[in-house]
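Read the structure below first, then the notes.
The analysis underlying the following values was restricted to heavy atoms, covering all of them including side chains, and did not include hydrogens, waters or symmetry mates. In each ligand, atom 1 is the first atom listed, and ligand 1 is the first ligand listed. Predicted, not measured: the structure shown is a model, and the values here were computed from it. FYI, the numbering just counts along the sequence from 1.
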Amino acid sequence: MRDAVTSLIKNYDLTGRYLDRDAMDSLKSYFASGTARVQVAALINANAATIVKQAGLKLFEELPELIRPGGNAYTTRRYAACLRDMDYYLRYASYSLVAGDTDVLDERVLEGLRETYNSLGVPISPTVRGIQIMKDLIKEQAAAAGVDNAIVDQPFDYMTRELSEKDI
Ligand SMILES: CCC1=C(C)/C(=C/C2=NC(=C\c3[nH]c(/C=C4\NC(=O)[C@H](C)[C@H]4CC)c(C)c3CCC(=O)O)/C(CCC(=O)O)=C2C)NC1=O
């Protein structure tokens, strides 16, 4: 599992280079965004249950067929599994935000996920929508708290891109 600093060092070490101007620029931008990363992670930690619940309600309001007979989130068990998955996406997104790197998402979340979803008939595009709704909620809450929310996109967009690109 890597973060912005260990990823950068790994790349430079592979080619035996000292940290050059590009390296300094990316380190500076990572450290400059550090406070915002920690603030957003704190906000997620304080509101995780509400964020998941609200995002779930919005998702099922937009796509009610998911919770009707025949829908993948129909039955209490599958409804709960769906919200639990949303909670996984949120928790790992918060780790990735602090790390400034998507490696944790590849390693812990995305590996083998598409195959699991396909074999269980979990539809990808509504899942992607659920992840995007959580992102929007967090961006709104961060903005309302006066926190720079520019860093919020990366982990959520990465998960949705990886999930959808591979859905062929
Ligand atoms: C931390 C990394 C991690 C992830 C990401 C993960 C996902 C994950 N989601 C699953 C199931 C599931 N996932 C969903 C999710 C949904 N259905 C919908 O219609 C919605 C679009 C969506 C919610 C947004 C559902 C309903 C199931 C149960 C499917 C079934 O058993 O039939 C399963 C199958 C095993 C189980 O039910 O626990 C896995 C492994 N597990 C992990 O360990």
Side-chain angles (χ1 to χ4, degrees), residues 1-7 10 30 33-34 36-144 149-168:
M1 202 190 296
R2 293 195 301 266
D3 59 39
V5 177
T6 52
S7 282
K10 183 174 181 233
Y30 175 60
S33 64
R37 293 178 185 280
V38 173
Q39 285 171 324
V40 173
L43 186 149
I44 293 176
N45 172 56
N47 301 291
T50 317
I51 294 168
V52 169
K53 193 170 164 220
Q54 283 181 356
L57 289 175
K58 180 138 198 264
L59 178 67
F60 297 133
E61 192 184 290
E62 285 181 16
L63 301 167
E65 63 277 13
L66 290 173
I67 50 172
R68 287 192 190 128
N72 187 262
Y74 176 66
T75 76
T76 329
R77 182 187 67 79
R78 287 203 298 259
Y79 188 103
C82 177
L83 293 188
R84 180 215 51 199
D85 284 9
M86 300 264 280
D87 186 63
Y88 284 149
Y89 298 130
L90 182 61
R91 180 161 57 89
Y92 283 98
S94 79
Y95 297 164
S96 171
L97 271 171
V98 170
D101 197 290
T102 54
D103 189 54
V104 64
L105 302 175
D106 286 328
E107 215 174 272
R108 298 295 170 87
V109 180
L110 297 164
E111 173 80 52
L113 182 59
R114 184 187 51 121
E115 292 75 11
T116 304
Y117 270 14
N118 285 346
S119 71
L120 291 168
V122 177
I124 303 279
S125 81
T127 302
V128 161
R129 180 66 194 129
I131 294 172
Q132 290 294 324
I133 293 171
M134 291 199 290
K135 177 183 88 171
D136 293 341
L137 286 174
I138 293 158
K139 290 188 82 168
E140 277 167 27
Q141 292 182 12
N149 66 10
I151 42 116
V152 176
D153 292 294
Q154 190 195 34
F156 295 94
D157 290 351
Y158 185 78
M159 286 190 287
T160 61
R161 198 166 56 238
E162 290 295 302
L163 264 174
S164 7
E165 257 177 19
K166 292 176 180 169
D167 183 33
I168 2 170

Heavy-atom nearest neighbour in the protein, as seen from atom 40 (C) of ligand 1, with distance rounded to 0.1 Å: Thr116 CG2, 3.7 Å
For atom 3 (C) of ligand 1, the protein heavy atom that lies nearest, with its residue and separation: Tyr88 CD1, 3.6 Å
Backbone of Thr160 reached by a side-chain donor or acceptor of Ser164 within 3.5 Å: yes
Side-chain donor-acceptor pair present, Tyr74, Arg78, cut-off under 3.5 Å: no
Which of the ligand 1 atoms, numbered from 1, are nearer than 4.0 Å to a heavy atom of Leu113: 5 (C), 7 (C)
Option with minimal heavy-atom separation from atom 23 (C) of ligand 1, where the choices are Ala73, Gly112, Pro126, Cys82: Cys82
Location of contacts on Tyr92 toward ligand 1, heavy atoms closer than 4.0 Å: side chain
Partner of Met86 by side chain to side chain contact (heavy atoms under 4.5 Å, CB included), out of Ile51, Val52, Ile133: Val52
Derivation of the side chain to side chain donor-acceptor pair (under 3.5 Å) call for Arg2 and Thr6: CA-CA 6 Å; Arg2 293 195 301 266; Thr6 52; 5.6 Å; no
Min heavy-atom dist Ala81 to ligand 1 below 4.0 Å: yes
Phe60/Tyr79 aromatic ring centres below 6.0 Å: yes
Contact check, Tyr117 vs ligand 1, heavy-atom distance below 4.0 Å: yes
Closest approach of any protein heavy atom to atom 14 (C) of ligand 1, naming residue and atom: Asp85 OD2, 3.5 Å
Closest protein heavy atom (residue, atom, distance) for atom 2 (C) of ligand 1: Arg108 O, 3.4 Å
Per-atom contacts, ligand 1 versus Leu66 - under 4.0 Å to a heavy atom: 19 (O)
Stepwise side chain to side chain donor-acceptor pair (under 3.5 Å) test for Glu140 and Asn149: CA-CA 8 Å; Glu140 277 167 27; Asn149 66 10; over 6 Å; no
Nearest neighbour in protein (non-hydrogen) for atom 32 (O) of ligand 1: Arg78 CD, 3.2 Å
Region of Asn72 engaging ligand 1 - heavy atom pairs below 4.0 Å: both
Derivation of the side chain to side chain contact (heavy atoms under 4.5 Å, CB included) call for Asn47 and Gln141: CA-CA 10 Å; Asn47 301 291; Gln141 292 182 12; 3.7 Å; yes
Test item: Asn45 side-chain N/O and Ala41 main-chain N/O as donor-acceptor pair under 3.5 Å: no
Atoms in ligand 1 flagged as close to Leu120, the criterion being non-hydrogen separation under 4.0 Å: 11 (C), 33 (C), 34 (C)
Side chain, backbone, both or neither: the part of Arg77 lying under 4.0 Å from ligand 1 by heavy atom: side chain
Side-chain donor/acceptor of Asp3 to backbone N/O of Ala99, under 3.5 Å: no
Any Arg84 heavy atom less than 4.0 Å to ligand 1: yes
Test applied, side chain to side chain contact (heavy atoms under 4.5 Å, CB included); reference residue, Tyr30; option that passes from Asp101, Ile151, Val5: Val5
